[in-house]
K.L.:
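Structure incoming, see below.
Scope of the values below: all heavy atoms of this structure, side chains included, with no hydrogens, waters or symmetry mates.
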Amino acid sequence: MRTMSKDIAVVGGGAAGMMAAIAAAEQGARVCLLEPNQRLGKKLNITGKGRCNVTNNCSMEELMAHIPRNGRFLYSAFSHFGSGETMAFFEGLGVPLKTERGNRVFPVSDCAFDVSGALKRRLERLGVRWVHDRAVSVLTADGAVQAVAGEKGEYPCRAAVLATGGVSYPGTGSTGDGYRIAGELGHTIVAPHGSLVPLVSEDTCCGIMQGLALKNVQLTAVNEKKKTVFSEFGEMLFTHFGVSGPLVLSASAHLRDWDKHTYSLSIDLKPALSEEKLEERLLRELREQSNRNMENVLLSLVPTSMVPVLCTRLHIDPELKANSFKKEQRRALLQELKHFTLSVSGPRPVAEAIVTSGGVKVGEVNPGTMESKLITGLYFAGEILDVDAYTGGFNLQIAWSTGRVAGLAAAEEEGER
């Protein structure tokens with residue numbers, strides 16, 4: 001029988017931390033989970049607008065294709081515990097799942113608390129000890145983990161898993177503590193910045209249309225060379241600072257290295273219509289409303305708050321009669337409806353991001369075990385690593401996969417030492 005003189009400490013009670021603690025405990029390890037929040041999975045509970053996009057029901061190749069940064073590092077973890085294993089895991093915990101558009105997987109209940117609740121019950125059944133404490137440092141001797149020091153006490157351990165998240169949504173506990181702890185142990189920290197984050201635009205039209213949600217539009221992002229870097233169909237939102245919403249968050253993951261590139265957005269307000277079909281509709285509207293003001297004609301084409309913006313962009317008087325609307329103006333309107341452009345100057349602060357890009361340099365971590373190459377018995381899982389993905393359940397899959405691998409490897413290490 002394996003003897004373990006000291007425990008495994010898992011730092012962080014989010015998705016990756018809970019999975020790591022469960023995986024280690026299932027191997028018979030004694031696990032102490034440190035989490036300062038009053039509830040486990042605080043950030044998990046707000047993902048997917050409270051529905052929790054658990055994973056993406058896709059192949060290994062598709063998983064890898066949705067990891068824009070250091071995807072190859074995750075190959076081993078995904079091979080061991082991919083989306084299929086994740087779905088089976090949660091179904092086994094009594095959380096029925098369903099697959100929706102884009103292969104996004106959600107609990108049938110559409111309730112994120114069912115996911116976090118199932119994980120918490122599993123932790124309790126396995127005897128994982130949950131301590132309300134914030135980790136301050138990892139103590140080492142001769143290059144190996146000895147304990148985790150918290151604000152309230154010290155937790156002796158032979159292996160520690162850092163799963164503290166990034167620096168997005170600091171209100172959920174992602175305050176960057178893990179970066180500091182890893183850095184103090186000699187690890188290189190790639191400067192964190194927001195991924196899946198709203199975008200800033202200096203265009204005054206955003207403030208005018210603040211609060212306007214556009215549905216069923218096509219958003220395209222291009223760089224300074226007019227190369228398309230993102231194009232997708234869905235919903236977006238105008239705000240006082242620029243733009244947000246699902247489409248914009250997805251686009252932001254593709255807009256990187258702002259110090260080297262400039263980007264602009266183009267919105268197709270009528271993606272279901274070709275330019276020829278849309279021109280036919282414009283001609284019909286102008287003919288049927290020939291004696292009405294152009295602002296009334298525009299109201300039949302776009303939301304109310306967009307009407308003054310279009311009038312300004314087209315340099316037309318809102319009270320101009322439709323029968324006086326010239327051919328050149330009609331063509332310009334057609335272009336605005338199919339290519340409503342916005343310049344963007346950068347992302348919002350990282351604290352407003354859904355996911356943090358950057359973190360512990362993956363070249364200093366063993367991809368097969370998530371163990372540090374610098375400190376024996378130190379493991380990493382989840383957003384603390386310099387990996388991130390597009391929207392659709394891929395970032396949570398990173399948390400499940402790296403957490404599972406780290407927890408299993410930590411338990412195996414515990415048994416060997």
K.L.:
Closer than 3.5 angstrom, by distance alone: can the side chain of Asn37 be matched with the main-chain N or O of Lys42 as a donor-acceptor pair?
P.N.:
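No.
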K.L.:
Do Arg281 and Lys277 come within less than 4.5 Å of each other through their side chains, counting heavy atoms only?
P.N.:
no
K.L.:
Considering all heavy atoms of both residues, which atom of Ala135 and which atom of Asp177 are nearest to each other, and what is their separation?
P.N.:
O-OD2, 4.4 Å
K.L.:
Which is it for Asn56 and Ser83 under the side chain to side chain contact (heavy atoms under 4.5 Å, CB included) test, yes or no, and what are the steps along the way?
P.N.:
CA-CA 6 Å; Asn56 194 282; Ser83 56; 5.7 Å; no
K.L.:
Can Leu119 and Leu40 be said to form a side chain to side chain contact (heavy atoms under 4.5 Å, CB included), step by step?
P.N.:
CA-CA 9 Å; Leu119 291 168; Leu40 294 174; over 6 Å; no
K.L.:
Tell me whether Ser372 contacts the main-chain N or O of Leu374 through its side chain, where contact means a donor paired with an acceptor under 3.5 Å.
P.N.:
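Answer holds: yes.
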K.L.:
Does Glu295 offer a backbone N or O that forms a donor-acceptor pair with the side chain of Asn293 under 3.5 Å?
P.N.:
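No, the answer is negative, given that no donor and acceptor are paired below the 3.5 Å cut-off.
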K.L.:
With sequence neighbours excluded, what pairs up with His66 under the ring-ring contact (aromatic ring centres under 6.0 Å, His included) test?
P.N.:
Phe394
K.L.:
How many angstroms lie between atom CD of Glu35 and atom OG1 of Thr164, to the nearest 0.5 angstrom?
P.N.:
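Separation between the atoms: 10.0 Å.
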K.L.:
Taking NZ, NE, NH1 and NH2 as the nitrogens, is one of them in Asp7 or Arg158 under 4.0 Å from a carboxylate oxygen of the other?
P.N.:
no
K.L.:
Please tell me whether Ser231 and Thr220 have a donor and an acceptor in their side chains that are separated by less than 3.5 angstrom.
P.N.:
yes
K.L.:
Partners of Ser264 by side-chain contact (heavy atoms from CB on, under 4.5 Å), sequence neighbours excluded?
P.N.:
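Once residues adjacent in sequence are excluded, the partners of Ser264 under the side-chain contact (heavy atoms from CB on, under 4.5 Å) criterion are Val222.
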K.L.:
So Pro303 and Leu214, do their side chains get closer than 4.5 Å, heavy atoms only?
P.N.:
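They are in side-chain contact.
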K.L.:
What are the two closest non-hydrogen atoms of Leu199 and Trp258, and how far apart are they?
P.N.:
CD2-CZ2, 4.0 Å
K.L.:
Do Phe380 and His187 have ring centroids that are under 6.0 Å from one another?
P.N.:
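Distance test on ring centres: under 6.0 Å, yes.
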K.L.:
If we ignore hydrogens and angles and just use 3.5 Å, is the side chain of Thr356 paired with the main-chain N or O of Pro192 as donor and acceptor?
P.N.:
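Looks like no, no N/O pair under 3.5 Å.
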K.L.:
Does Asn53 use its side chain to pair, donor to acceptor, with the backbone of Val105 at less than 3.5 Å?
P.N.:
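The answer is yes, because a donor-acceptor pair under 3.5 Å joins these two groups.
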K.L.:
Any Lys/Arg nitrogen of Arg284 or Glu280 sitting under 4.0 Å from an Asp/Glu carboxylate oxygen of the other?
P.N.:
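No salt bridge links Arg284 with Glu280.
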K.L.:
Determine the minimum heavy-atom distance between Gln27 and Ala411, stating which atoms define it.
P.N.:
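Closest approach of Gln27 to Ala411: CB-CB, 3.7 Å.
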K.L.:
Answer yes or no: is there an ion pair linking Arg330 with Glu279, defined by an N-O contact shorter than 4.0 Å?
P.N.:
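A salt bridge links Arg330 with Glu279.
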K.L.:
Does the side chain of Asp114 pick up a donor-acceptor pair with the side chain of Ser109 at under 3.5 Å?
P.N.:
yes
K.L.:
Salt bridge check, Glu383 against Lys43: does any charged N sit closer than 4.0 Å to a carboxylate O?
P.N.:
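Answer for the salt bridge query: yes.
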K.L.:
Taking Gly377's backbone N and O only, do any of them form a donor-acceptor pair with Glu371's side chain (distance below 3.5 Å, no angle check)?
P.N.:
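Indeed, once roles are kept as given, a pair shorter than 3.5 Å links the two residues.
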K.L.:
Quick test of your reading: applying side-chain hydrogen bond (donor to acceptor under 3.5 Å, both in side chains), list the pairs with at least one residue in residues 237-252, sequence neighbours left out, ordered by first then second residue.
P.N.:
Ser250-Thr391
K.L.:
Checking side-chain polar atoms at under 3.5 Å, does Gln397 have a donor or acceptor matched by the opposite partner on Thr86?
P.N.:
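On atom types as modelled, these side chains qualify, holding a pair under 3.5 Å.
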K.L.:
If you compare all heavy atoms of Lys338 against all heavy atoms of Asp268, which two are closest, and at what distance to 0.1 Å?
P.N.:
NZ-OD2, 3.0 Å
K.L.:
Evaluate side chain to side chain contact (heavy atoms under 4.5 Å, CB included) for Thr341 paired with Arg313, printing each intermediate quantity in order.
P.N.:
CA-CA 11 Å; Thr341 58; Arg313 288 193 170 200; 4.1 Å; yes
K.L.:
Is there a side-chain contact between Ile316 and Gln329 (heavy atoms, below 4.5 Å)?
P.N.:
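Yes - at least one pair of side-chain heavy atoms lies under 4.5 Å apart.
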K.L.:
Do the side chains of Leu139 and Val148 get nearer than 4.5 Å, heavy atoms only?
P.N.:
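Not touching, per the 4.5 Å side-chain cut-off.
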K.L.:
Do Asn223 side-chain atoms and Lys227 backbone N/O form a donor-acceptor pair below 3.5 Å?
P.N.:
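Present.
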K.L.:
State, with a plain yes or no, whether a side-chain heavy atom of Phe340 is found less than 4.5 Å away from one of Leu310.
P.N.:
yes
K.L.:
Could you tell me which non-hydrogen atom of Ala253 sits nearest to which non-hydrogen atom of Leu196, and how far apart they are?
P.N.:
CB-CD2, 3.8 Å
K.L.:
Applying side chain to side chain donor-acceptor pair (under 3.5 Å) to Asn57 and Asn103, what does each step give before you reach the verdict?
P.N.:
CA-CA 5 Å; Asn57 188 4; Asn103 293 323; 5.6 Å; no
K.L.:
Look at the side chain of Asp110 and the backbone N and O of Arg51, then say whether any donor-acceptor pair between them is shorter than 3.5 Å.
P.N.:
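Answer holds: no.
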K.L.:
Roughly how far, to the nearest 0.5 Å, is CG of Asp386 from CZ of Arg69?
P.N.:
4.0 Å
K.L.:
Between Glu224 and Lys260, is the closest basic N to carboxylate O distance under 4.0 Å?
P.N.:
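Judged by the 4.0 Å cut-off on N to carboxylate O distance, Lys260 and Glu224 do not form a salt bridge.
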K.L.:
Taking the side chain as everything from C-beta on, heavy atoms only, tell me whether Phe73 gets closer than 4.5 Å to Val387.
P.N.:
yes
K.L.:
Is the shortest distance from a Lys or Arg side-chain nitrogen in Asp388 or Arg256 to a carboxylate oxygen in the other one below 4.0 Å?
P.N.:
yes
K.L.:
Between Asp203 and Cys205 (side chain of the first, backbone of the second, donor and acceptor by atom type, cut-off under 3.5 Å), is there such a pair?
P.N.:
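At least one qualifying donor-acceptor pair exists.
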K.L.:
Please state whether the rings of Tyr390 and His254 are parallel, tilted or perpendicular, taking 30° and 60° as the class boundaries.
P.N.:
parallel
K.L.:
Checking ring-ring contact (aromatic ring centres under 6.0 Å, His included) for the pair Trp400/Phe78: CA distance, chi angles, key distance, verdict?
P.N.:
CA-CA 9 Å; Trp400 308 133; Phe78 284 160; over 10 Å; no
K.L.:
Between Asp133 and Lys152 (side chain of the first, backbone of the second, donor and acceptor by atom type, cut-off under 3.5 Å), is there such a pair?
P.N.:
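Judged by distance alone, yes, a pair lies under 3.5 Å.
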K.L.:
Please examine the side chains of Gln335 and Arg331, heavy atoms only from C-beta on, and report whether any two atoms are closer than 4.5 Å.
P.N.:
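They are not in side-chain contact.
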K.L.:
After noting the C-alpha distance and the side-chain angles of Val217 and Met236, does the key distance pass the side chain to side chain contact (heavy atoms under 4.5 Å, CB included) rule?
P.N.:
CA-CA 8 Å; Val217 297; Met236 62 176 290; 4.2 Å; yes
K.L.:
Between Glu26 and Arg122, does at least one N-O distance fall below 4.0 Å, as a salt bridge requires?
P.N.:
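Salt bridge between Glu26 and Arg122, a charged N being under 4.0 Å from a carboxylate O: yes.
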K.L.:
Flag the pair Lys373 and Glu364 as a salt bridge only when some basic side-chain nitrogen lies within less than 4.0 angstrom of an acidic carboxylate oxygen.
P.N.:
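Looking at Lys373 and Glu364, the cut-off is not met.
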K.L.:
What are the two closest non-hydrogen atoms of Ile208 and Ser305, and how far apart are they?
P.N.:
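Shortest heavy-atom separation between Ile208 and Ser305 comes out as CG2-O, 4.2 Å.
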K.L.:
Could you tell me if the side chain of Val54 sits less than 4.5 Å from the side chain of Phe90, heavy atoms only?
P.N.:
yes
K.L.:
Just wondering, more than 12 heavy atoms not from Glu100 lying within 6.0 Å of its CD?
P.N.:
yes
